Amino acid sequence: MRDKIEHAIQNQPCTVKELKQKFGGERGADRKVMEALDELVREAVVCQRQGVFFTVRSGRADKALLCKVVKLGKNFAFVMLEDGTSDIFIPGRFTKGAMPGDDVLVEKFEHPRVEGSDEGAILAILTEKNDLVGTVRRVEGRLRFVPDDCPAITMPLARDCEGGAKDGDKVAVEILNRGNRQEDHRVGVAMRFGSSDEAKRCAKALLYAKDIRTRFPDKVRDEAKKFEGAEVSEKDCEGRMDLRALPIFTIDSAETKDIDDAISLTRTSDGGFELGVHIADVSNYVKPGTELDNEAFSRATSVYYADQVVPMLPKALSNGICSLNENELRLAFLLPDASGTRRGNLTDYRFVKSISRSRVKGVYSEINALLAGTADAEIKAKYADVIDQLPAMKELYGHRARLRKERGCMDIESGEVKLILDENGRCIDVKKRTSGESESMIEEFMLLANQCAAHFARVKQIPFVYRVHEEPNAEKLERLHALLQACGINDHFAKDVPTPKELSAILEGVRGTPYEQIINTGMLRCMSKALYEEKPKGHYGLVLKDYAHFTSPIRRYPDLAIHRIMTDMLKGTEKETMILRYTDFAERASKQSSEREVIAMQIERKAEDCYKAEYARRHLGECYEGTISGVTQRGLFIELDNGVEGFVPASSLTPSGTSLTEGVRLTDPASGKTWSLGDKMMITIVRADVNLGKIDFEVAPAAKA
């Protein structure tokens with residue numbers, strides 16, 4: 001029995017169930033299988049991981065690694081180590097039909113084909129991810145499924161499980177039967193989203209693929225119903241600072257319905273300022289252990305795309321009792337006395353719970369007009385109760401902006417766009433999003449509140465959820481150096497890691513030049529990813545020792561989490577009790593919030609690409625001037641003035657081939673013609689794939705001449 005089992009495992013990793021099916025079948029035989037397995041494991045002849053028994057060709061069990069499949073191509077795969085530290089290349093013949101998201105057991109090769117890289121083979125698939133999202137295509141008369149995660153592969157739809165899908169439909173499927181190769185898998189349609197040529201359908205599929213549901217679970221909906229039409233009672237006001245007489249107001253975009261924050265400002269007798277930052281007290285309604293809190297923790301963030309939002313909290317809270325709506329009594333968590341000198345320096349702050357009423361729902365464009373002195377009589381009348389605060393706010397913002405610049409904070413343009421949709425949800429225009437003075441003012445005031453919240457926690461040494469941004473790593477800095485050198489910009493810094501002030505000086509130096517957007521983008525890409533952690537490490541980009549997210553508890557769980565922690569502290573809870581009560585919570589909230597934030601950003605970016613491609617489809621054959629925003633050996637990325645980006649393949653630039661210089665320039669050796677980052681180019685839109693969010697350009701005919 002032992003020899004048979006060892007031979008079987010050498011040929012193919014097996015589970016206990018599979019071995020019993022081969023060599024057992026009755027109680028006595030099953031017992032002998034288990035006894036033989038125990039002996040083989042005890043003697044290290046075979047290894048066992050998560051119920052799978054296997055041998056490693058090198059004879060060393062430590063060569064078998066737990067991994068997850070992260071990328072799949074036609075003839076290869078990449079897997080990521082369980083700890084996320086590095087990836088391993090898997091040649092196609094060793095993938096065993098594994099799919100993206102599968103947990104697998106991998107053996108690394110002793111001698112990879114490419115020196116310095118890891119290569120290996122999948123020994124066994126431990127956990128199968130059988131739900132996929134993609135597109136149905138008709139190939140040689142039969143419907144096949146093309147996964148979004150690996151579009152080079154197609155799988156046949158089981159004939160009795162097509163679910164009414166048609167050629168070109170965006171669908172979710174389940175793998176019903178797995179073969180030895182990916183293309184041998186059989187799938188069945190679980191859900192149809194509609195045509196893959198419509199961006200709104202593709203966006204729905206993106207949400208589904210990441211398990212983000214637009215509908216809340218029934219238990220959550222039942223709890224939320226208690227808050228429908230809810231109002232603040234006099235009992236709710238007990239023990240709170242009463243600010244109903246204070247002229248506070250909100251400033252947001254015109255379409256905002258979940259209003260987290262409001263502001264107020266008064267002058268002090270010595271010419272200084274007292275800024276009030278009023279934040280919705282969501283923690284008063286979303287209590288630990290409730291279904292609402294469990295769901296908010298799971299979602300961790302609202303997801304915004306196009307004109308849609310998938311909220312973290314049901315509308316009864318996000319748009320209702322928690323939102324600081326105009327002329328409605330609301331509970332707030334308040335930074336009431338962020339006191340500063342007449343030069344804008346922060347001298348003191350305190351946090352309290354309050355009751356208040358917003359006098360007006362401010363709109364950025366209208367506030368900008370008031371600040372610029374171009375507002376008409378109607379706008380002035382709308383803001384009559386709060387307009388007297390604006391000059392002081394503008395002055396305080398000017399001081400805070402100066403201090404921000406003095407400490408070297410980088411002013412990197414984000415390149416955000418606004419998608420214009422028609423009544424059917426189709427993208428008909430794309431415009432660069434612009435920010436005025438009021439947007440910058442609110443951002444600066446919220447930043448100050450966030451800074452105070454983090455300082456509050458660090459000084460009191462209590463568990464917390466900090467917003468952490470560490471300095472760039474060596475690999476990213478190497479890419480930045482190459483970019484700066486290729487653009488002819490001095491890349492010498494005083495130390496190995498540049499200070500934010502040094503990077504800020506570079507940004508200022510290229511402002512208004514053809515390299516401005518390129519350097520902005522390159523600088524963004526060299527930055528570390530900001531995330532949430534339970535330990536204070538500071539914020540490199542903002543040049544702040546203390547930073548957290550305090551101002552958006554309706555749409556971000558970290559803000560809600562620290563409101564809960566701060567509320568307990570303000571009640572007088574002892575530090576030791578705080579540590580016992582919140583240490584684990586802060587760690588879990590930080591990890592979950594960081595992970596879900598990344599997923600939300602991926603969805604938002606991919607959805608935006610789909611909408612941009614939908615816009616571009618309306619303009620096929622049209623010519624535009626663009627700027628070279630990226631250079632690769634394969635070709636050029638061109639960004640149009642409205643932020644839409646497409647690709648021009650190198651083969652269409654010249655028939656004689658090109659050579660790449662440091663990722664910033666392509667050269668045609670035959671003619672000497674070059675295409676460099678920042679150069680202008682006339683292009684024609686020739687293709688737009690809404691499903692993949694990709695746009696193809698060609699050099700415009702006039703430009704070729």
Side-chain angles (χ1 to χ4, degrees), residues 343-346 394-416 432-437 439-448 450-451 454 467-531 537-547 627-631 637 639 643 661-665 676-680:
R343 296 282 293 163
N345 293 291
L346 181 68
K394 182 173 182 176
E395 184 181 344
L396 176 58
Y397 163 64
H399 291 311
R400 296 301 302 175
R402 171 182 51 79
L403 292 170
R404 184 173 179 168
K405 188 172 183 179
E406 286 176 359
R407 70 175 186 263
C409 183
M410 290 175 286
D411 185 16
I412 302 179
E413 295 290 336
S414 63
E416 291 183 8
K432 279 281 183 73
R433 197 178 287 275
T434 58
S435 291
E437 193 167 22
E439 288 94 334
S440 300
M441 182 173 74
I442 292 300
E443 180 185 354
E444 191 61 38
F445 293 165
M446 296 305 120
L447 187 149
L448 183 60
N450 290 337
Q451 183 182 354
R467 183 65 168 174
V468 170
H469 185 228
E470 298 188 90
E471 61 187 25
N473 62 33
E475 182 183 347
K476 290 187 174 183
L477 284 174
E478 188 177 335
R479 291 203 296 267
L480 179 62
H481 279 292
L483 174 63
L484 294 175
Q485 289 171 4
C487 293
I489 297 170
N490 183 6
D491 68 327
H492 176 73
F493 304 118
K495 296 182 178 179
D496 290 342
V497 177
T499 65
K501 184 170 279 192
E502 287 174 315
L503 297 180
S504 184
I506 290 173
L507 290 170
E508 284 297 318
V510 299
R511 207 168 300 284
T513 72
Y515 288 120
E516 179 178 1
Q517 187 57 47
I518 310 305
I519 299 300
N520 258 280
T521 302
M523 206 79 81
L524 272 174
R525 288 174 178 167
C526 99
M527 291 294 111
S528 299
K529 174 77 180 74
L531 42 77
K537 296 180 180 178
H539 198 291
Y540 173 85
L542 294 173
V543 201
L544 289 174
K545 184 176 183 179
D546 300 303
Y547 198 64
T627 303
I628 299 177
S629 56
V631 179
F637 288 96
E639 184 177 309
T661 304
E662 295 290 349
V664 297
R665 185 175 299 108
S676 303
L677 280 173
D679 285 354
K680 297 292 184 181

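Excluded from the calculations below are hydrogen atoms, water molecules and symmetry mates; all remaining heavy atoms, backbone and side chain alike, are included. Not measured: the values here are computed from a predicted model.
Without hydrogens or angle criteria, Ser528 side chain to His469 main chain gives no donor-acceptor distance under 3.5 Å. Side chain of Thr627 to backbone of Lys680: no donor-acceptor contact under 3.5 angstrom is found. A donor-acceptor pair is defined here as one N or O able to donate and one able to accept, closer than 3.5 Å; no such pair exists between the side chain of Arg511 and the backbone of Ile506. Side-chain N or O atoms of Glu439 include one that pairs as donor or acceptor with a backbone N or O of Gly436 at under 3.5 Å. In this structure, the side chain of Glu444 does not engage the main chain of Met441 through any donor-acceptor pair within 3.5 Å. Within the 3.5 Å criterion, the main-chain N or O of Tyr515 finds a donor-acceptor partner in the side chain of Thr513. In this structure, Glu502 contributes its side chain and Pro498 its backbone to no donor-acceptor pair below 3.5 Å.
Side-chain contact check for Ile412 versus Leu507: some heavy-atom pair is nearer than 4.5 Å. Within the 4.5 Å cutoff, side-chain heavy atoms of Arg407 are placed close to those of Leu544. Between Leu480 and Leu503, the closest side-chain pair of non-hydrogen atoms falls below 4.5 Å. Contact of the Ile518 side chain with the Ile628 side chain is not registered, since no non-hydrogen atoms from C-beta on lie closer than 4.5 Å.
For Lys476 against Arg525, the heavy-atom pair with the smallest separation is CD-O, 3.8 Å. Shown here for Asp496 and Leu477, the closest heavy-atom pair between the two residues is O-CD1, 3.9 Å. Across all non-hydrogen atoms, the minimal contact from Cys526 to Pro472 is O-CB, 3.3 Å. Of all non-hydrogen atoms in Gly541 and Cys409, the two that sit nearest each other are O-SG, 3.6 Å.
Residue Ser504 holds its OG atom at 10.0 Å from CZ of Arg404, rounded to the nearest 0.5 Å. In this structure, CD in Glu437 is found 11.5 Å from CD1 in Ile442, a value given to the nearest 0.5 Å. To the nearest 0.5 angstrom, Met410 atom CE is 8.5 Å from Leu542 atom CG. Within the model, atoms CZ of Arg665 and OG of Ser676 stand 4.0 Å from one another, a figure rounded to the nearest 0.5 Å.
Within 6.0 Å of NZ in Lys432 there are more than 12 heavy atoms belonging to other residues, nucleotides or ligands. For Glu406, the CD atom sits in a packed shell: over 12 heavy atoms of surrounding residues, nucleotides or ligands are nearer than 6.0 Å.
No donor-acceptor contact under 3.5 angstrom links the side chains of Gln451 and Asp546, judged on distance only.
Taking the charged nitrogens against the carboxylate oxygens, Arg400 and Glu443 have no contact shorter than 4.0 Å, which rules out a salt bridge. A salt bridge between Lys501 and Glu508 is absent, with no side-chain N of the basic residue lying under 4.0 Å from a carboxylate O of the acidic one.
Among Lys537, His539, Met527, the one residue that satisfies the side-chain contact (heavy atoms from CB on, under 4.5 Å) test with Glu470 is Lys537. Considering Leu524, Val510, Leu677 as possible partners of Ile519, the one that fulfils the side-chain contact (heavy atoms from CB on, under 4.5 Å) test is Val510.
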Could you check Leu447 against Tyr547 for side chain to side chain contact (heavy atoms under 4.5 Å, CB included), going step by step and ending with a plain yes or no? CA-CA 8 Å; Leu447 187 149; Tyr547 198 64; 3.9 Å; yes

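Taking the six-membered ring for Trp and thresholds of 30 and 60 degrees, His481 and Phe493 have ring planes inclined between 30 and 60 degrees apart.
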